Amino acid sequence: MTDLPEELKLVLTFFGGTGDLAKRKLYPSVFNLYKKGYLQEHFAIIGTARQEMSDKEFKDLVKDSIEDFANDFSEQEIDKFISHFYYIAHDVTNIDSYEPLKALVEDLDQKYTTDGNRIFYMSVAPRFFGMIAKSLKSEGLLSTNGYNRLMIEKPFGTSFQTAQQLQNELEEAFNDDQLYRIDHYLGKEMVQNIAAIRFGNPFFDNTWNHNYIKNIQVTLSETLGVEGRADYYDTAGALLDMIQNHTMQIIGWLAMEKPDSFSDVDIRNAKNKAFSSLRIYKGKDEVSQNFVRGQYVGRKSAELNYNQEAGVAENTQTNTFIAGKLEFNNETWKGVPFYIRSGKKLAEKTTRIDVVFKPTAFNFGGNAGLQGYPVLTIIVDPYGSIKLQLNAKAVTDNFFLRKINLDWNVSEQDKTDSPEPYERMIHDTMNGDGSNFADWNGVATSWKFIDEIVKVYDENQAPLELYKSGTMGPDASDELLEKNGDAWVLQGNHRKTIDANL
Ligand code: NDP
Ligand code: BG6
């Protein structure tokens, strides 16, 4: 007999149950949790949206989604799984439509003996988030004998003010520890690995500070362009789409001190402490000195410039690339720049962290050559890997230094076993573990920081640097580091290689 994990009992309601995200990510993720035995008998899933649909039609939609997007399933398994799915037409803006939803939730709670545990997942447009949360409470959908948890999709606000307003609305109905703000980068295996690498190895744990680290670099680069999402993207740009959320969340794991324990509360406290010392740049001079914004132009005549993409105005000033330097005003990070960058249509799709260490003070003698900077690289995407660039002795008759590379790659088995971020995040919410979700204080600080940059960009007080698609962004991004005597560890093919720099 195979050992099954302890069964999780709950009614899970998806608002936006017919949408793109639900079909591509959410149903296949819940199915994986079912296959692994976390969900067995005592669970029910409700899908809601405005359109009328029978339970049978909804079950077919879920079945199609699993067949299209899940791996490794049998017909029998899917049929058993979808027997737990129910659909109800519901307009989130119509207060009267919460009553039948309430009746269904209560009914399913009884039918499947789910102990009053409820998760509500808001996979709808962000303008509905506050309204749904308030209505769940006012219309009595929150359970009194189990837990109530709310999963919130991105984006969480479009500025500090709108994020604060949303937070206030959510707090009218839920305590903060019932809120699970999704940032799918926090669900990535190798982002979660940062803590293990930092705190699990004394040689990193003890050197993770300004005495040993020269700079830290975070790159989230994409080869794709706006892919038909111009309506949204042209209002957000790389700054709001990738920096304010994903990049800053990764920074939280890198800049925090060791938490008192590995609980979600202590992890949040440690991240918040670091964020509270983030230097917020004010005005055009500080922003321009520390941030670079760019926009792509086609490298070849057949390729579109960003301002030629469908739905984008010719005179758009939207950034499709951002590079920046962050500073933390605390003892640990005194003088250590955290460089970040993200953009569309860059040379490669990768998410990576490069930690550049200082060389030791040891003098190997006149002929040994200069020591290089040891570098720890954590590659999150496209496949997990950890690289370590070290100083070592070259094999010669004399004593020379050379760089050597240690390289570890996630195995094929690990890749198969790694849950997708959405599966992990839904599972964590079922377990009440908020460690890998965005915390309100972190989100608020990030917005306050970003708002100041947006102000400068909205008034066009900073140059918009054009870069060719297929490169790693404008030269100004490289110059941002060069003026501090630093260089990106990952260089584009238009620049010198890192070995020449270090
Ligand atoms: P879609 O537009 O594909 O789906 C929206 C869903 O909401 C549909 O089921 C729609 O059905 C329903 N809906 C719209 N208006 C109402 C209403 N008034 N009352 C009830 N239901 C309503 O959106 P996505 O699935 O792409 O995105 C959902 C959320 O997830 C958004 O917040 C988005 O930012 C976020 N997200 C999406 C990603 C993706 O890859 N798709 C990635 C990351 C985040 P109907 O019209 O029948 O009501
Ligand atoms: C999303 C952004 O949050 O993240 C997209 O809206 C971006 O523009 C995507 O393409 C990248 O995610 P991933 O996991 O493919 O790196």
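Everything numeric in this text was worked out from a predicted model, so none of it was measured. Positions are given from 1 along the sequence. Just follow the structure's listing: the first ligand is 1, and inside any ligand the first atom is 1.
Not a single N or O atom of A49, backbone or side chain, sits closer than 3.5 Å to an N or O atom of ligand 1. When only interatomic distances are considered, the shortest N/O to N/O separation between A22 and ligand 1 does not fall below 3.5 Å. For M122, no nitrogen or oxygen atom sits less than 3.5 Å from a nitrogen or oxygen atom of ligand 1, counting backbone and side chain alike. The N/O atoms of K188, backbone and side chain alike, include one that comes under 3.5 Å of an N/O atom in ligand 2. Considering both main-chain and side-chain atoms, D91 comes within under 3.5 Å of ligand 1 through a nitrogen or oxygen pair. In terms of polar-atom proximity, defined here as any N/O pair under 3.5 Å, V124 does make such a contact with ligand 1. Residue Y233 has no nitrogen or oxygen atom sitting less than 3.5 Å from a nitrogen or oxygen atom of ligand 2, judged on distance alone. For ligand 2, the polar-atom distance check finds an N/O of E222 within less than 3.5 Å of one of the ligand's N/O atoms. For ligand 1, one of its N or O atoms has an N or O atom of T18 under 3.5 Å away.
Among all protein heavy atoms, the one lying closest to atom 22 (C) of ligand 1 is R50 NE, 4.0 Å. Closest protein heavy atom to atom 25 (O) of ligand 1: L21 N, 2.9 Å. At the top of the distance list for atom 19 (N) of ligand 1, counting protein heavy atoms only, stands V92 N, 3.0 Å. The protein non-hydrogen atom at the shortest distance from atom 4 (O) of ligand 1 is G19 CA, 3.3 Å. Nearest to atom 33 (C) of ligand 1 among the protein's heavy atoms is K154 O, 3.7 Å. For atom 36 (N) of ligand 1, the nearest protein heavy atom (residue, atom name, distance) is E153 OE1, 3.7 Å. Nearest protein heavy-atom contact of atom 6 (C) of ligand 1 is G16 CA, 3.6 Å. The protein heavy-atom contact nearest to atom 3 (O) of ligand 1 is D20 N, 2.9 Å.
A tilted orientation is assigned to the rings of F15 and Y98, their planes being inclined by 30° to 60°. Using bins of under 30°, 30° to 60° and over 60° for the plane-to-plane angle, the ring pair W440/F160 lands in the parallel bin. Under the 30°/60° scheme for interplanar angles, the aromatic rings of F43 and Y34 are found to be tilted. Taking the six-membered ring where the residue is Trp, Y27 and F85 present perpendicular rings, their angle passing 60° and hence far from 30°.
Judged by distance alone, the side chains of Q167 and E171 do bring a donor and an acceptor atom under 3.5 Å apart. A donor atom on one side chain and an acceptor atom on the other are found under 3.5 Å apart for R341 and T219. Side-chain contact annotation: S135 with S138, donor-acceptor N/O pair under 3.5 Å absent. Between Y232 and D241, the side chains place a donor N or O and an acceptor N or O closer than 3.5 Å (distance only, hydrogens not considered).
When heavy-atom distances to ligand 1 are checked against a 4.0 Å cut-off, F15 has no atom that comes that close, whether in backbone or side chain. Looking at H90 against ligand 1, only its backbone comes within 4.0 Å, counting heavy atoms. With a 4.0 Å cut-off on non-hydrogen atoms, Y185 touches ligand 2 through its side chain and not its backbone.
Partner of F14 under the ring pair (Phe, Tyr, Trp, His ring centres under 6.0 Å) criterion, out of Y86, F120, Y121: Y121 alone.
The closest approach between R24 and ligand 1 falls below 4.0 Å for a heavy atom of the residue. Under a 4.0 angstrom heavy-atom cut-off, Y232 registers as lying outside contact with ligand 1.
Near H246, with a cut-off below 4.0 Å to any heavy atom, the atoms of ligand 2 are 1 (C), 3 (O), 4 (O). Which parts of ligand 2 touch D241 is read off a 4.0 Å heavy-atom cut-off, strictly below it: atoms 2 (C), 5 (C), 6 (O), 8 (O). Those atoms of ligand 2 with a heavy atom of K349 less than 4.0 angstrom away are 13 (P), 15 (O), 16 (O). Applying the 4.0 Å criterion to heavy atoms of K344 picks out, from ligand 2, the atoms 5 (C), 7 (C), 8 (O), 10 (O). In the vicinity of K154, heavy-atom distances shorter than 4.0 Å reach the ligand 2 atoms 1 (C), 2 (C), 3 (O), 6 (O).
A salt bridge is absent between E189 and K415: the closest approach of a Lys/Arg side-chain nitrogen to an acidic carboxylate oxygen does not fall below 4.0 angstrom. Between K154 and D183 there is no salt bridge, since no side-chain N of the basic residue sits under 4.0 Å from a carboxylate O of the acidic one.
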(request) Given side chain to side chain donor-acceptor pair (under 3.5 Å), test Q249 with N245 step by step and report yes or no. (result) CA-CA 6 Å; Q249 289 299 329; N245 42 26; over 6 Å; no
(request) Determine, step by step, whether R50 and D91 satisfy the salt bridge (Lys or Arg N to Asp or Glu O under 4.0 Å) criterion, reporting the C-alpha distance in whole Å, the side-chain angles of both residues, the deciding distance to 0.1 Å, and the verdict. (result) CA-CA 5 Å; R50 286 167 306 177; D91 182 342; 5.4 Å; no
(request) Check the pair F449, Y281 against ring-ring contact (aromatic ring centres under 6.0 Å, His included), reporting the backbone distance first and the verdict last. (result) CA-CA 7 Å; F449 177 75; Y281 302 124; 5.8 Å; yes
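There is a protein heavy atom less than 4.0 angstrom from atom 41 (N) of ligand 1.
Figure legend: K25 and Y422 shown without cation-pi pairing, the cationic atom not lying both under 6.0 angstrom from the six-membered ring centre and within 45 degrees of its axis. Cation-pi geometry between R181 and F156 is met: the NZ or CZ atom falls under 6.0 Å from the ring centre, inside 45° of the normal.
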